[in-house]
There are 2 protein chains.
Amino acid sequence: MEQLRNLPLFAGMTDGEIERQIEALRGQRGRVEKGSVLIRQGERVDRFGILLEGRLQGHQVDADGSLSVVSTLGVGMMFGEILIFSDCPAPVTLVALTDCRILWLGPMDLSRTHPTLIGNLLSTIAGEYWALHQKIAYCGIVSLRKRIFAFLSDRSVAAGVPFTVPFDRNGMAAYLNADRSALSRELSRMRNEGILDYHKNRFTLFVSAL
Amino acid sequence: MEQLRNLPLFAGMTDGEIERQIEALRGQRGRVEKGSVLIRQGERVDRFGILLEGRLQGHQVDADGSLSVVSTLGVGMMFGEILIFSDCPAPVTLVALTDCRILWLGPMDLSRTHPTLIGNLLSTIAGEYWALHQKIAYCGIVSLRKRIFAFLSDRSVAAGVPFTVPFDRNGMAAYLNADRSALSRELSRMRNEGILDYHKNRFTLFVSAL
DNA sequence: AAAAATCTGTTGCCACGGCAACGAAATTCA
DNA sequence: TGAATTTCGTTGCCGTGGCAACAGATTTTT
C-alpha cells in the first residue's frame with residue numbers, strides 16, 4: 001500500500017479509492033522469475049502491469065530478424081497501459097531481467113474507473129508520448145557531436161551540474177541511435193577539447209552552446 | 001454534424017451524446033487564415049482542436065536554431081489533445097498551411113466526459129504513440145536501403161500492390177530521416193535492380209524480402 | 001499562357017561514423 | 001578472493017550517405 005500510494009497512477013487518490021479501483025480493475029499480484037516473457041511481440045494484450053520489484057526490458061525483432069533493445073523498466077513503472085487501448089498487437093517483447101513482483105490490472109471498464117485515475121493514466125501516456133517525441137528530435141540531428149551535445153545539454157539544464165544520465169554507454173548509444181564506440185570516441189574528443197568532463201554516467205558541461 | 005459523426009473521437013456515440021459532450025467541452029468553431037500560428041512552441045495549452053477544413057503543419061526549432069517539419073495534419077485530425085494532459089510546454093509550433101476551420105474543445109473535465117469519448121481519446125493517443133514508435137523503429141535501421149525497404153514493405157503488406165505513401169519525397173525523406181537526394185538515389189538504384197517500381201508516391205514492390 | 005514556385009532526379013565530393021577488434025577496467029558471480 | 005562476465009575506451013579501415021548544385025518536370029499563381 002505504502003508503495004502504491006506513491007505511484008503516479010494513483011496520485012491524488014485516497015487509500016480507500018485506490019483499493020476500490022484496484023478491485024474494479026481486477027488487480028492481482030504476481031511473481032515472475034528472471035528470463036520470463038511477460039508480453040510477446042505480436043500478441044494481443046488486455047491488461048497492463050505495474051512493476052513492484054525487479055527490472056524489465058523491451059525487445060523488438062526488426063523485419064530483417066535483428067533484435068534491438070527498445071526500453072528498460074524499473075520499479076514503479078507501468079507497461080502495457082498503452083497497448084490495451086490500441087487495436088494493434090504488441091510491437092515489443094517484454095522480458096524479465098531479474099525476478100520481479102508485478103501488479104496486474106485490467107481489463108479496464110472506463111465507466112467504472114475513477115476520473116482521477118483516468119487523468120493520471122492520460123498524463124502518464126502523454127508523458128511517454130513526448131519522451132518518444134524528444135528521442136526522435138535527437139535522432140533527427142545529423143551530426144553525432146551535435147546530437148550528443150543536444151542530449152547532454154538538455155539533461156544539464158534539467159538536472160544541474162554535474163548530472164547523471166540514466167544509461168550506461170550502450171544504452172546511451174542506443175537512445176541516440178549511434179554506435180557505442182563512435183559515441184565513446186566523440187565523448188573523448190569533446191573532453192579533450194574542454195567542452196565537457198565525465199566519469200561513467202556522470203557528466204559536467206563546461207559550455208552552454210556548441 | 002455529418003462530419004463530426006465520422007470523427008474517431010465521437011465513434012460509437014449518438015448525435016445527442018456528441019452534442020452534449022461538445023457543450024460540456026465548451027466547443028466552439030473558429031476560422032484561421034493561412035499562415036496563422038495555432039500553437040506556439042513553449043506555450044502552455046489547455047484546449048485541443050479538431051481540423052474541420054484545411055491543412056496544418058507542426059514545426060520545431062532545434063537547440064541549434066534550425067527548423068524542422070515534424071508533422072502535417074489533414075481534415076479530421078486532432079491536435080493538442082496529448083498536450084493538454086501533459087505538464088510540459090508545447091514542443092512544436094503549429095501553423096496553418098491553408099485557411100482552416102477548426103473545432104476547439106476544452107478544457108476537459110474528465111468526471112463530466114462520456115466514457116466512450118474518453119475511450120476514443122485514449123485509442124487515438126495510443127495510436128499516435130505507436131506511430132511514433134514505428135518511426136523510431138525505422139530510424140534505428142542503419143542502412144538507408146534497408147530502412148527504405150522496411151518502410152515500403154510494411155506499407156505494401158498493409159495496403160496491397162500497388163500502394164501509395166502519404167508523403168511527397170521531402171516528407172518521406174523526413175520521415176525516414178534521410179536526405180532527400182540520397183533517398184531518390186537509393187530508390188533509383190532499387191528500381192534499376194528490379195526490386196521495385198514507382199511513380200511519384202505510387203509504389204510497387206517486386207520482392208518481399210531484401 | 002507566361003512566370004514563379006515547388007517537386008523530383010542525378011551526380012561528384014568526401015567526411016562522418018559504423019564496424020570490428022583488442023585491452024583495460026569494473027562489476028558480478030561462485 | 002579469484003574467475004568470469006560485462007562495460008568502456010581506443011584505433012584503423014573504408015563505405016555509406018549527407019551536402020551542394022543543377023536540370024527537367026510538375027504545379028500554382030497571376
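First the proteins, then the strands, lettered A, B, ... as listed; each starts at 1. Keep in mind it's a predicted model, so treat the numbers as computed, not measured.
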If I compare all heavy atoms of [X] with all of [Y], which pair ends up nearest, and what's the gap?
X	Y	answer
A:Leu56	A:Cys100	CD2-SG, 3.7 Å
B:Phe167	B:Asn201	O-CB, 3.5 Å
B:Val142	B:Arg147	O-NH1, 3.3 Å
A:Gln41	A:Val61	OE1-N, 3.1 Å

Give each protein N/O atom lying under 3.5 Å from an N/O atom of nucleotides 10-13 of chain C, with the pair distance.
unit_1: C:dT10; atom_1: OP2; unit_2: B:Ser188; atom_2: OG; d: 2.3
unit_1: C:dG12; atom_1: O6; unit_2: B:Arg185; atom_2: NH1; d: 3.2

What is the separation between atom [atom1] on [X] and atom [atom2] on [N], rounded to the nearest whole Å?
X	N	atom1	atom2	result
B:Met172	C:dG9	CE	C1'	14 Å
B:Leu97	C:dA5	CG	P	17 Å
B:Asn177	C:dC16	CG	C1'	15 Å
B:Arg169	D:dG24	CZ	C1'	15 Å
A:Leu183	D:dT10	CG	P	12 Å
A:Leu187	C:dG17	CG	P	12 Å
A:Asp179	D:dT16	CG	P	16 Å
A:Asn170	D:dT6	CG	P	12 Å

Quiz item: Roughly how bent is the helix from C:dA1-D:dT30 to C:dA30-D:dT1 end to end, in steps of 10 degrees, with each end axis from five pairs?
Solution: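 Axis-to-axis angle, ends of the helix: 70°.
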Self-check item: Interatomic distance, B:Leu94 atom CG to B:Gln57 atom CD [nearest 0.5 angstrom]
Solution: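 Spacing of CG (B:Leu94) from CD (B:Gln57) equals 9.5 Å.
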Quiz prompt | Point-to-point distance, once rounded to the nearest 0.5 Å, from CD of A:Glu128 to CD1 of B:Ile125 | solution =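 Nearest 0.5 Å value for the CD-CD1 distance: 11.5 Å.
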Quiz item: Between A:Asn177 and A:Tyr138, does any side-chain donor sit less than 3.5 Å from a side-chain acceptor?
Solution: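 Per modelled atom types, A:Asn177 and A:Tyr138 side chains form no pair under 3.5 Å.
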Self-check item: Of the listed nucleotides C:dG17, C:dT8, D:dT7, the one nearest the side chain of A:Leu144
Solution: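 Taking heavy atoms from C-beta onward, the closest nucleotide is C:dG17.
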Quiz item: Would you say B:Asn6 has more than 12 foreign heavy atoms packed within less than 6.0 Å of its CG?
Solution: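 Enclosed: over 12 neighbouring heavy atoms sit under 6.0 Å from CG of B:Asn6.
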Exercise. May I ask you to check if A:Arg5 and A:Phe10 form a cation-pi contact, with NZ or CZ under 6.0 angstrom from the six-membered ring centre and within 45° of the axis?
Key: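 No.
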Quiz item: Cation-pi between A:Arg191 and A:Tyr198: NZ/CZ under 6.0 Å from ring centre and within 45° of the ring axis?
Solution: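 Yes, A:Arg191 sits over the ring of A:Tyr198.
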Quiz item: What about the rings of A:Phe79 and A:Trp104, do their centers lie closer together than 6.0 Å?
Solution: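 Yes; A:Trp104 has its ring centre under 6.0 Å from that of A:Phe79.
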Quiz item: Contact class for A:Asp168 vs. all strands (heavy atom < 4.0 Å): base, sugar-phosphate, or nothing?
Solution: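 Sugar-phosphate contact only.
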Collect all protein-nucleotide pairs involving nucleotides 23-30 of chain C in which both atoms are nitrogen or oxygen and the distance is under 3.5 Å.
unit_1: C:dT27; atom_1: OP1; unit_2: A:Lys200; atom_2: NZ; d: 2.9

